[in-house]
Amino acid sequence: GAALVGFIEGPVDEPSLAVDRLFEDELMLVTAPADPWLATSGGMAERLAAARWVLREKGSGTRVALEQVLAHYGLSAADADVALELPSNETVRTAVEAGAGITVLSRMAVGAALAAGTLVQVETPLPGRSFHALRHRERYFGRAAAAFVDLVRPALHLDPVDLAQFVEADAGARAIDAVDEHRNRAF
């Protein structure tokens with residue numbers, strides 16, 4: 001590939017790649033504060049089986065983690081009452097905030113919503129996950145690429161609320177850059 005560096009979630013077992021762990025993230029079971037599911041009784045397996053779920057698409061790392069959690073409780077995604085299956089953490093979070101069901105998302109994705117009170121965490125053990133920077137061992141990795149990884153690393157160690165604000169503030173700038181890039185290609 002043409003990229004000097006890539007960023008991924010999850011384990012990497014490829015000898016040709018140099019892997020630099022950037023940070024650990026926490027997954028959380030969350031729902032809207034007014035979700036009637038919060039009042040359901042029974043064991044966690046029964047409660048999860050009775051829930052309406054908002055899920056990421058098949059193949060997403062978050063979806064895989066959720067499937068592992070369900071398996072821990074003797075359930076599968078096929079057992080879940082799936083209200084929505086969506087392509088991004090932001091759309092999943094927004095649907096859950098609107099009361100569409102429960103979900104498992106990264107603390108990074110829900111930190112600001114938890115602080116604002118639009119989501120609540122449901123305490124249950126969930127696996128953590130690691131995020132890594134990757135580069136090909138035999139390709140030149142210059143100072144600019146190393147500086148870029150060093151620039152990204154501190155942002156990923158922000159408090160989830162601060163990180164969410166950092167990402168949302170940056171989203172506007174990225175959208176403007178994308179429009180400018182499109183205009184430049186069109187002319």
Side-chain angles (χ1 to χ4, degrees), residues 1-30 48 53-80 82 84-93 95-96 102-112 121 124-171 173-175 177-178 181-182 185:
L4 291 177
V5 63
F7 300 95
I8 65 158
E9 172 267 321
V12 178
D13 185 22
E14 174 54 51
S16 65
L17 296 176
V19 180
D20 181 13
R21 184 165 56 202
L22 297 173
F23 74 102
E24 296 290 321
D25 191 21
E26 176 185 1
L27 293 172
M28 307 176 90
L29 178 63
V30 295
L48 294 176
W53 287 90
V54 179
L55 302 179
R56 284 290 309 267
E57 76 283 4
K58 290 180 179 148
S60 115
T62 303
R63 171 79 173 250
V64 169
L66 169 66
E67 290 170 352
Q68 291 171 346
V69 170
L70 291 174
H72 172 77
Y73 288 103
L75 304 168
S76 73
D79 298 322
V82 179
L84 295 167
E85 188 174 298
L86 299 167
S88 73
N89 289 339
E90 292 77 18
T91 57
V92 169
R93 184 193 71 230
V96 172
I102 70 172
T103 196
V104 170
L105 282 175
S106 158
R107 176 176 284 282
M108 285 178 44
V110 300
Q121 179 182 5
T124 191
L126 295 173
R129 60 186 182 169
S130 300
F131 285 80
H132 303 88
L134 304 175
R135 68 178 177 82
H136 196 282
R137 288 185 188 280
E138 296 185 17
R139 289 184 75 186
Y140 175 72
F141 193 70
R143 290 188 310 195
F148 175 68
V149 172
D150 288 342
L151 178 69
V152 169
R153 185 186 319 274
L156 298 175
H157 289 286
L158 291 172
D159 174 85
V161 174
D162 293 337
L163 180 60
Q165 292 168 350
F166 172 81
V167 169
E168 288 171 12
D170 187 50
R174 284 184 284 132
D177 289 345
E181 182 180 328
H182 177 72
R185 274 191 268 137

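What's counted below: heavy atoms across the whole structure, side chains too, no hydrogens, waters or symmetry copies.
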On a heavy-atom basis, which atom in [X] and which in [Y] lie closest, and how many Å separate them?
X      : Y      : value
Gly74  : Asp79  : O-OD2, 4.4 Å
Ala145 : Leu4   : CB-CD1, 4.2 Å
Val54  : Thr103 : O-OG1, 2.6 Å
Val30  : Gln121 : CG1-CA, 4.2 Å
Pro127 : Val69  : CD-CG2, 3.6 Å
Ser130 : Arg21  : OG-CD, 3.6 Å

Looking at [atom1] of [X] and [atom2] of [Y], how far apart are the two atoms once the value is rounded to the nearest 0.5 Å?
X      : Y      : atom1 : atom2 : result
Leu48  : Leu75  : CG    : CG    : 6.5 Å
Asp20  : His132 : CG    : NE2   : 8.5 Å
Arg143 : Asp150 : CZ    : CG    : 12.5 Å
Leu17  : Arg135 : CG    : CZ    : 9.5 Å
Ile102 : Leu29  : CD1   : CG    : 5.0 Å

| field | Glu67 and Ser76: CA distance, side-chain angles, deciding distance, side chain to side chain contact (heavy atoms under 4.5 Å, CB included) verdict | value | CA-CA 6 Å; Glu67 290 170 352; Ser76 73; over 6 Å; no

| side-chain hydrogen bond (donor to acceptor under 3.5 Å, both in side chains) between Thr62 and Arg129, intermediate numbers included | CA-CA 10 Å; Thr62 303; Arg129 60 186 182 169; 3.3 Å; yes

| Any sub-3.5 Å donor-acceptor pair from Arg56's side-chain atoms to Arg63's backbone N or O? | no

| Validation row: Glu26, Leu126 side chains within 4.5 angstrom (heavy atoms) | no

| Which class fits the ring pair Phe23 and Phe131: parallel under 30°, tilted 30 to 60°, perpendicular over 60°? | parallel

| Over 12 non-hydrogen atoms of neighbours within 6.0 angstrom of CD in Glu14 | yes

| task | Carefully, step by step, assess Leu22 and Val149 under the rule side chain to side chain contact (heavy atoms under 4.5 Å, CB included). | result | CA-CA 9 Å; Leu22 297 173; Val149 172; 4.1 Å; yes

| task | Test Leu66 against Trp53 for side chain to side chain contact (heavy atoms under 4.5 Å, CB included), laying out the working first. | result | CA-CA 11 Å; Leu66 169 66; Trp53 287 90; 3.4 Å; yes

